[in-house]
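Below you'll find the structure, written out as structure tokens, and then a few comments.
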Amino acid sequence: MDYFQLMGFSADGWGHDMLRATGMTVAVAFIGFAVGLIFGCLGAAASFSNAHALRLAAAAYTTALRGIPDLLVIYLFYFGSSSVISGIAALFGSQGFVGAPAFLTGALAIGVVSGANQTQVLRGAVLALNKGEVEAGRAYGMGPLLLFRRIILPQAARYALPGVGNVWQLVMKESALISVIGLVELMRQAQVGAGSTRQPFSFYLTAAGLYLLITFASGQAFRLAEARTMRGLRRGI
Amino acid sequence: MPNVVRAAAVSLSGIRKNFGPLEVLHGVSLTAHEGDVVSILGSSGSGKSTLLRCVNMLEVPNSGNVSIMGEEISLDQRPGRAPRPADPKQVNKLRERAAMVFQSFNLWSHLTILQNVMEAPLHVQGRHRNECRAEAEALLERVGIAAKRNSYPSELSGGQQQRAAIARALAMRPDVLLFDEPTSALDPELVGEVLKVIRDLAAEGRTMLIVTHEMAFARDVSTRTVFLHQGLITEEGPTSEMFANPRSDRFRQFLRRDGASSH
Amino acid sequence: MPFDLTFLWQTFVSLLSGIPLALELAALSVATGSLLAFGLALMRVSRRWWLDLPARFYIFAFRGTPLLVQIYIIYYGLSQFPALRHSFLWPVFREAYWCALAALALNTAAYSAEIMRGGLLSVPAGQIEAARACGMARILLFRRIIVPQATRQMLPGYSNEVILMVKSTSLASTITIMEITGIAAKLISESYRPVEVFISAGAIYLSLNFIVARLFALLEWSLWPERRKNRLQSNIVEKKGELHA
């Protein structure tokens, strides 16, 4: 069977499976990214807090998760929640290991990891704000909420966009690691195909191509969004 | 307006301000009545900008009182902690009445010029959008940059940006205008267009406090002058008298040194 | 299962044995990767499209795909070709160790090349002109002016990349290599105590990365003599500036 038959959409081709798996990769990455955005907002807010304990917690969170391999975090989330679920199942008479849902634990794990990166990005965006413009807002009678909504948020969002785009690309690539806990996303599907056809190169290269397609397309989308939001920003920066 | 008793628009009394261990204002009192144009002069480091920023609480004095249009700002100045306004809402209300024009313009870079001018009336004062727009456009016309209404601040020259910032301040319908070295960040050839706008405002009888280095302008425009040296008022009085007969050596020296280089 | 300190300690000790392998993989891949990256960076700044384009594509491909795919392509994928299986190279590509090393090196080369390019481009044009005006030839200019400045400019970024590589060695465990994460995974599946294993392994990785970061900070310190001098002065100026505001 040649490559195009192998990856084709006929009955014995793998095209459908690979496409479905690509969809799964995008889905799990997207959920992970969303979780990371929430953690990032919380982390950044904590890092600017007046409470010493919150600032410390934010620093510990980013330091730990940027220094520990993602694979370990995925293991922790998967086997950690599995052991909890197994414990509960044992109460109902089940014996042995019950696996946690891979999609959920995987998305959560890469979400928590990317949240640490996101914290840095959002923090940097707030620090990049022009202090004079924020001060002008205060001088014109804006309360903290209005100031945040009308001045800080729109400007910080603009500064954050490139970094946020980077984090999305990272999450996309990290999602491949979720294959180790059995979620049938692109990487896992390629393993399955490679195993049953003995054509590993074809499958992994196809997977690589599909990843490249996603990162390229989303990179273009972010670039477009950046161009739109850069209106009014100082030229040449 | 001679012989008419006018109300105090801004009144500062016994203002002390320190940054860390260093005190930069050692108890400054100053009153600007309605219709006064007060120039605040002094060499750099004299504390003149800090004094102006105490009026709208961008700096909170460690001791002393600030009143705007007869309303005193209640402050929490307990010793051993950073001073702060007792009621932030009151401060925001009073900031609407004393609009500031900054040295570095500080226009909001994500909004167009028109949006900059409309922002505070619309969102802080909650006025009607159409009304804000009409007024903003009229103000931009007045400062001579109506054609730039849909440009972003980064697309304007410094002089144009500062004129837009003045329109933004006027849009608040403030009782007092505070100018913090409005021409210091401008190229020399752009200073004139901004000074002209301020001069026109003075001619209208607006109450203004102006921190400036432009001696000729101060002499020309202001009704009263305050000279600050090392955190204290060394000399103050009607502008014409002060420039004609400086009483203190400090101010005389200052005039001699700066007078030569002013426009 | 209650939290068990004895188990935590035992886990920690068994994980320590994975450190040499992890560090070896990281050090060798960073070393070979940086050589490759230097070549790629030169190609990128060469202004010759036939050098720039291949480098661009290489960087795009390796940065746009997960490292895991790259490892699998080399370790599992290459065996699809009988020609390679029967060649003298096979003893190398049969070994998980060499495959992991190759993938890590190729991967970090792509990221490092962009960091190096940024460093090379950061040297101000005026200084290059000044060197030319002094009669420096291309190679001399490159060696004496551009490289020293580019090196210190790119250090923070490169420090990050090395830390990422230390983390990335964990992926070698997916192709049977028993470095720290490999041992950790084995311990988890034997003991079902993911929390203790995670804490031990996490602590080890954090310490390793802390050391890497400190080493780079030290290197930066030694390469920026004028910054060392200015730091004190600029602090003083800043304080004064605040007062005048």
Side-chain angles (χ1 to χ4, degrees), chain A residues 44-45 48-52 54-55 121-165 222-237, chain B residues 52-53 55-60 82 85 87-113 115-126 150-156 161 164-165 168-174 177-178 180 185:
Chain A
F48 287 113
S49 154
N50 286 326
H52 187 65
L54 279 178
R55 285 203 306 274
V121 168
L122 299 179
R123 214 183 121 70
V126 171
L127 289 174
L129 292 175
N130 181 333
K131 289 194 181 60
E133 290 176 37
V134 176
E135 187 167 73
R138 284 198 286 132
Y140 280 70
M142 292 189 183
L145 270 181
L146 189 63
L147 190 66
F148 181 77
R149 193 164 59 80
R150 298 289 312 171
I151 309 293
I152 297 177
L153 191 63
Q155 296 210 17
R158 211 164 53 169
Y159 288 120
L161 200 56
V164 169
F222 268 101
R223 206 156 304 151
L224 216 69
E226 254 171 67
R228 279 181 61 94
T229 54
M230 288 303 259
R231 286 174 312 173
L233 208 66
R234 277 159 219 82
R235 299 279 149 88
I237 290 188
Chain B
L52 192 73
R53 290 162 60 84
V55 174
N56 64 352
M57 290 295 136
L58 286 181
E59 304 292 355
V60 183
D87 176 10
K89 287 214 175 73
Q90 185 203 18
V91 170
N92 285 338
K93 276 272 149 244
L94 289 174
R95 279 173 175 167
E96 293 175 39
R97 309 181 70 173
M100 180 175 266
V101 175
F102 296 86
Q103 177 178 353
S104 47
F105 332 131
N106 294 349
L107 291 171
W108 296 304
S109 51
H110 64 302
L111 301 176
T112 64
I113 295 304
Q115 286 168 337
N116 261 282
V117 179
M118 289 169 63
E119 179 70 18
L122 195 58
H123 295 282
V124 176
Q125 299 180 320
N150 292 322
S151 303
Y152 285 90
S154 58
E155 297 164 331
L156 268 60
Q161 287 192 55
R168 175 174 74 171
L170 292 174
M172 305 272 290
R173 299 178 178 166
L177 286 168
L178 310 172
D180 186 5

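Lettering of chains follows the sequences in order, A, B, ..., and the numbering in each one begins at 1.
- Distance check: A:Arg150 CZ to B:His123 NE2 gives 3.0 Å after rounding to the nearest 0.5 Å.
- Using a 4.5 Å heavy-atom cutoff, the side chains of B:Leu58 and A:Glu135 are in contact.
- With a threshold of 4.5 angstrom between heavy atoms, B:Arg97 does not approach chain A through any atom at all.
- Nearest heavy-atom pair across A:Met142 and B:Trp108 is CE-CH2, 4.0 Å.
- Only the side chain of A:Leu146 comes within less than 4.5 Å of a heavy atom in chain B; its backbone stays farther off.
- Among the candidates B:Glu119, B:Gln103, B:Lys93, the residue making the largest number of heavy-atom pairs closer than 4.5 Å to chain A is B:Glu119.
- Contact record, A:Ala136 with B:Asn106: CB-O, 3.5 Å, taken as the closest heavy-atom pair.
- For the pair B:Glu96/A:Tyr140, no side-chain contact is recorded, criterion being any heavy-atom separation below 4.5 Å from C-beta on.
- Among all heavy-atom pairs drawn from B:Ser109 and A:Glu133, the shortest one is N-OE1, 2.9 Å.
- The main-chain N or O of A:Arg138 is found under 3.5 Å from a side-chain atom of B:Arg95 such that the two form a donor-acceptor pair.
- Both the backbone and the side chain of B:Ala169 have a heavy atom closer than 4.5 Å to some heavy atom of chain A.
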